[in-house]
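See structure below.
Each ligand, and each atom within it, is numbered from 1 in the order the structure gives. The first residue in the sequence is number 1, and the count goes up from there.
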Amino acid sequence: MDPMIEINKIAFSYQEDEQPALKDVSFSIEKGEWVAIVGRNGSGKSTLAKTINGLLLPETGSVAVGGKVLSEETVWEIRKMVGMVFQNPDNQFVGATVEDDVAFGLENQGIPRSEMVKRVTDALTQVKMNEFATREPARLSGGQKQRVAIAGVVALRPDIIILDEATSMLDPEGRADVIETIRKIKEENDLTVISITHDIDEAASAHRILVMRDGQLVDEGTPQDIFSQGTELISLGLDLPFAEKLKAALSARGIPVPSEYLDEEGMMDWLWTSVLKK
Ligand SMILES: Nc1ncnc2c1ncn2[C@@H]1O[C@H](COP(=O)(O)OP(=O)(O)OP(=O)(O)O)[C@@H](O)[C@H]1O
Ligand SMILES: [Mg+2]
């Protein structure tokens with residue numbers, strides 16, 4: 001099978017006298033895969049994302065997307081294949097209404113009006129925001145805003161969607177909602193998804209996790225592989241899940257806590273049987 005994305009030994013520096021933001025990074029991603037990229041702040045995740053859609057050209061090595069090698073000649077073609085959704089929903093709106101906003105990218109591509117109307121409706125339906133088509137984007141919840149931003153990308157019919165911390169400003173419910181939306185859209189449109197995240201649930205939703213550290217790819221594996229290595233989640237750049245934070249707080253108050261990883265349900269069982277019933 002031909003890979004959808006093939007990164008071969010790329011390096012990139014923003015400034016000559018500084019540590020490179022990317023060093024000797026290589027990996028490939030198959031069509032239809034969902035890959036999470038994790039790592040601490042400043043480890044090079046966003047820089048890597050920007051090389052995949054040609055916002056940055058690597059200094060050495062090569063990037064190929066959909067079989068096309070990234071160069072100044074192919075950059076526009078590659079950018080059409082890769083849709084990006086960023087962190088702050090408020091910085092991503094240009095339209096006065098939700099439907100105008102989703103139509104904006106299509107207008108830029110010179111898509112005829114009838115086709116445009118159809119694509120906007122389709123995309124908003126896919127993210128379940130059709131009812132909000134004539135609303136002002138500013139008046140939506142964070143999760144709804146991100147779903148509209150996703151619709152704007154989906155309407156352009158990309159092959160790949162890159163989410164660069166797209167759920168990080170949302171509450172847990174908004175986060176779960178956006179992840180579920182991506183899962184559905186990925187299946188319906190046969191997309192390849194890259195999600196850059198500090199959220200363990202989002203990382204756990206991927207088929208595969210790539211771990212960045214100091215500009216290098218230092219590990220990769222299934223979520224199970226990565227999480228079972230006993231590596232501190234914090235050193236992977238992941239925020240501690242709620243149950244782990246609670247465990248730390250109880251432990252700090254002298255309450256003995258189990259050493260194994262507990263999800264929220266496991267935490268409730270343990271609290272109920274070992275703490276509250278005593
Ligand atoms: N526009 C820029 N100009 C100069 N240096 C930059 C620029 N953007 C990023 N860097 C530097 O490049 C390195 C990698 O940054 P990058 O934004 O890729 O990290 P990241 O893994 O996405 O971090 P975060 O989790 O905080 O988003 C960092 O040392 C950062 O300071
Ligand atoms: Mg970043």
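- Summarising the hydrophobic clusters (Ile, Leu, Val, Met, Phe, Trp, Tyr; side-chain heavy atoms under 4.5 Å, direct or chained), the residues clustered with Met268 are none.
- Take Phe86 and apply the ring-ring contact (aromatic ring centres under 6.0 Å, His included) test, not counting sequence neighbours, and it matches no residue.
- Within the 4.5 Å cutoff, side-chain heavy atoms of Arg147 are placed close to those of Asp177.
- The shortest distance between side-chain heavy atoms of Leu57 and Leu70 falls below 4.5 Å.
- Between the side chains of Thr222 and Asp225, at least one donor-acceptor pair of N or O atoms lies under 3.5 Å.
- Lys45 places a side-chain N or O within donor-acceptor distance of the main-chain N or O of Arg40, the cut-off being under 3.5 Å.
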Working note: Glu180 + Arg183, criterion salt bridge (Lys or Arg N to Asp or Glu O under 4.0 Å); need CA distance, chi angles, decisive distance, verdict.
CA-CA 5 Å; Glu180 196 41 48; Arg183 195 195 303 281; 3.2 Å; yes
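- The 12-atom threshold is not exceeded at NZ of Lys80, counting heavy atoms of other residues, nucleotides or ligands nearer than 6.0 Å.
- At a 4.0 Å heavy-atom cut-off, the residues surrounding ligand 1 are Tyr14, Ala21, Arg40, Asn41, Gly42, Ser43, Gly44, Lys45, Ser46, Thr47, Glu165, His198, listed by chain and number.
- For the Mg ion (ligand 2), the neighbouring protein N/O/S atoms at less than 2.8 Å, given as residue and atom, are Ser46 OG.
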Mind running salt bridge (Lys or Arg N to Asp or Glu O under 4.0 Å) on Arg208 and Glu220 for me, showing each step along the way?
CA-CA 7 Å; Arg208 187 154 61 105; Glu220 68 178 293; 2.4 Å; yes
